[in-house]
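Here is the structure we will look at, set down as structure tokens.
To find a chain, count down the sequence lines: A is the first, B the second, and so on, and within it residues start at 1. Keep in mind that this is a model prediction, so the values were computed, not measured.
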Protein chains: 2
Amino acid sequence: MAIDKSLLTGSTTMLILKLLDETNMYGYQMIEELRKKSNNAFELKAGTLYPLLHTLEQKNMLTSYEETADNARVRKYYSITKNGRKQLKEKKEEWKAYTAAVNGVLGGASFATA
Amino acid sequence: MAIDKSLLTGSTTMLILKLLDETNMYGYQMIEELRKKSNNAFELKAGTLYPLLHTLEQKNMLTSYEETADNARVRKYYSITKNGRKQLKEKKEEWKAYTAAVNGVLGGASFATA
DNA sequence: TATAATATATAGATTATCTATATATGTCAA
DNA sequence: TTGACATATATAGATAATCTATATATTATA
């Protein structure tokens, strides 16, 4: 099922930081990984991702370096910083509070965990 | 905890429809109800709500009528339509898919239920 | 050799919020 | 009684996070 795009707003940064918390990646790879891990629910657009990566680097959440792949193609890898991990932690807490609040209104049991 | 405002994007319509699926309400009341049901996490602004209500009415998801309260104050009540309930159902499914996808990326078990 | 996939990038449009402001009535305390 | 605050609705304009469209260049495949 396709996800309403507007729902994605605000969580993209968290998802990117989470990917990079596991391993360094280049932009195109992040798009593929998000697609796979979400069962095709997320199709982050290049036009969204690259400007966002630049912004996160400016905010000292990421650093970048270039690396040449086996096929001689140059890729720009991103690495999460200490500050990035701190932001990730905060954003995960916000995410939990947010989903708990929405689910609370929806009437079901809250899915939030401590 | 205050919710990152950008996270709210896209779910406001669903929350309003859900409130009205339970009982008819007027705008100011919706703001109060959302605040209470979310444990102060959501503080929907009047400047967001009223234009949204007008839009939902134009899209035949809601109808409205005026009613005079005990204190002689006139309130504009909203009622959900059949189409509104249909939209609510769809939006709830999207919400489940979305949270399942995010939680999937975050690495925990998916909270999505069928 | 053309087409699709890989890879990064920017400009401009869209859209859902927000803040600020306006108007008007009801309630309560000084 | 009057000033402040809560109730109640409304609109204009600002902000921010997406999107689409476009550009460029290389690699893989048919």
Side-chain angles (χ1 to χ4, degrees), chain A residues 2-17 24-36 41-59 61-62 64-78 91 94-95 98 102, chain B residues 2-17 24-36 41-59 61-62 64-78 91 94-95 98 102:
Chain A
I3 298 283
D4 181 350
K5 286 154 192 169
S6 68
L7 283 174
L8 202 57
T9 309
S11 52
T12 305
T13 294
M14 175 179 69
L15 295 173
I16 295 303
L17 290 175
N24 294 354
M25 285 191 193
Y26 55 97
Y28 194 87
Q29 186 182 9
M30 296 176 205
I31 292 171
E32 294 296 295
E33 279 295 308
L34 271 185
R35 199 174 50 68
K36 282 183 212 160
F42 294 146
E43 290 189 32
L44 184 59
K45 300 301 155 63
T48 305
L49 178 61
Y50 292 109
L52 177 58
L53 289 174
H54 303 158
T55 302
L56 296 180
E57 190 170 16
Q58 275 169 39
K59 291 181 180 169
M61 295 190 221
L62 307 180
S64 67
Y65 57 95
E66 298 207 332
E67 207 170 280
T68 304
D70 292 343
N71 55 15
R73 191 190 281 280
V74 176
R75 291 163 173 165
K76 194 169 174 184
Y77 280 81
Y78 287 87
K91 283 181 178 298
E94 276 177 23
W95 167 249
Y98 168 61
V102 170
Chain B
I3 299 282
D4 181 350
K5 284 155 193 168
S6 68
L7 283 176
L8 202 57
T9 308
S11 53
T12 304
T13 293
M14 175 179 70
L15 295 174
I16 294 304
L17 290 176
N24 293 354
M25 284 190 191
Y26 55 97
Y28 195 86
Q29 188 182 7
M30 297 177 206
I31 291 171
E32 293 296 295
E33 277 297 307
L34 271 184
R35 198 174 49 69
K36 281 183 211 160
F42 294 146
E43 291 189 30
L44 184 59
K45 299 303 155 59
T48 304
L49 178 62
Y50 292 110
L52 177 57
L53 289 174
H54 304 158
T55 302
L56 296 180
E57 190 169 17
Q58 276 168 39
K59 291 182 180 170
M61 294 191 222
L62 307 178
S64 67
Y65 56 95
E66 298 207 329
E67 207 171 279
T68 305
D70 291 342
N71 56 13
R73 192 189 281 280
V74 177
R75 291 163 174 166
K76 193 168 174 186
Y77 280 81
Y78 287 88
K91 283 181 179 299
E94 275 177 25
W95 167 251
Y98 169 61
V102 170

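Here the P atom of nucleotide dT17(C) and the CG atom of Leu44(B) are 8 Å apart, to the nearest Å. The CD1-P distance, from Ile31(A) to dT20(D), rounds to 12 Å in whole Å. Whole-Å rounding puts the Leu56(A) CG to dA9(C) P distance at 13 Å. Nucleotide dT25(C) holds its P atom 18 Å from the NZ atom of Lys76(B), rounded to whole Å. Following rounding to the nearest Å, Leu52(A) (CG) and dA9(C) (C1') show an atom-to-atom distance of 14 Å. With rounding to whole Å, Glu32(B) atom CD is found 14 Å from dT9(D) atom C1'. One atom, CZ of Arg75(B), and another, C1' of dG26(C), lie 11 Å apart when rounded to the nearest Å. The CD1 atom of Ile16(A) sits 12 Å away from the P atom of dT8(C) (whole-angstrom rounding).
For Tyr78(A), taking side-chain heavy atoms from C-beta onward, the closest of the listed nucleotides dA5(C), dA8(D), dA9(C) is dA9(C).
Between Arg35(A) atom CZ and Glu43(A) atom CD the span is 7.0 Å, to the nearest 0.5 Å. With rounding to the nearest 0.5 Å, the separation of CZ in Arg75(A) from CG in Asn24(A) is 13.5 Å. Atom CD1 in Ile31(A) sits 5.0 Å away from atom CG in Leu49(A) (nearest 0.5 Å). Atom CD1 of Ile16(A) is separated from atom CG of Leu44(A) by 5.5 Å, given to the nearest 0.5 angstrom.
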Write out a two-atom table: protein N or O, nucleotide N or O from nucleotides 27-30 of chain D, distance below 3.5 Å.
{"residue": "dT27(D)", "atom": "OP1", "partner": "Asn71(A)", "partner atom": "O", "Å": "3.2"}
{"residue": "dT27(D)", "atom": "O4'", "partner": "Arg73(A)", "partner atom": "NH2", "Å": "3.0"}

I'd like a table of atom pairs between the protein and nucleotides 11-14 of chain D - only N or O on both sides, under 3.5 Å - with the distance next to each one.
{"residue": "dT11(D)", "atom": "OP2", "partner": "His54(B)", "partner atom": "ND1", "Å": "3.2"}

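Looking at heavy atoms from C-beta onward, Leu53(B) lies out of side-chain contact with Lys76(B) at the 4.5 angstrom threshold.
Across Met25(B) and Met30(B), no two heavy atoms sit closer than the pair O-CE, 3.5 Å.
Of the N and O atoms on the side chains of Tyr98(B) and Ser11(B), not one donor lies less than 3.5 Å from an acceptor on the other residue.
Residue Thr12(B) places none of its side-chain N or O atoms closer than 4.0 Å to OP1 or OP2 of dA16(C). Of the side-chain N and O atoms in Tyr26(B), one or more sit less than 4.0 angstrom from OP1 or OP2 of dA8(D). Regarding contacts with the backbone of dT18(D), every side-chain N or O of Lys45(A) stays at 4.0 angstrom or more from both OP1 and OP2.
Relative orientation of the Tyr65(B) and Tyr77(B) rings is parallel, given thresholds of 30° and 60° on the angle between their planes.
The side-chain contact (heavy atoms from CB on, under 4.5 Å) search around Thr55(B) returns Lys59(B), not counting sequence neighbours.
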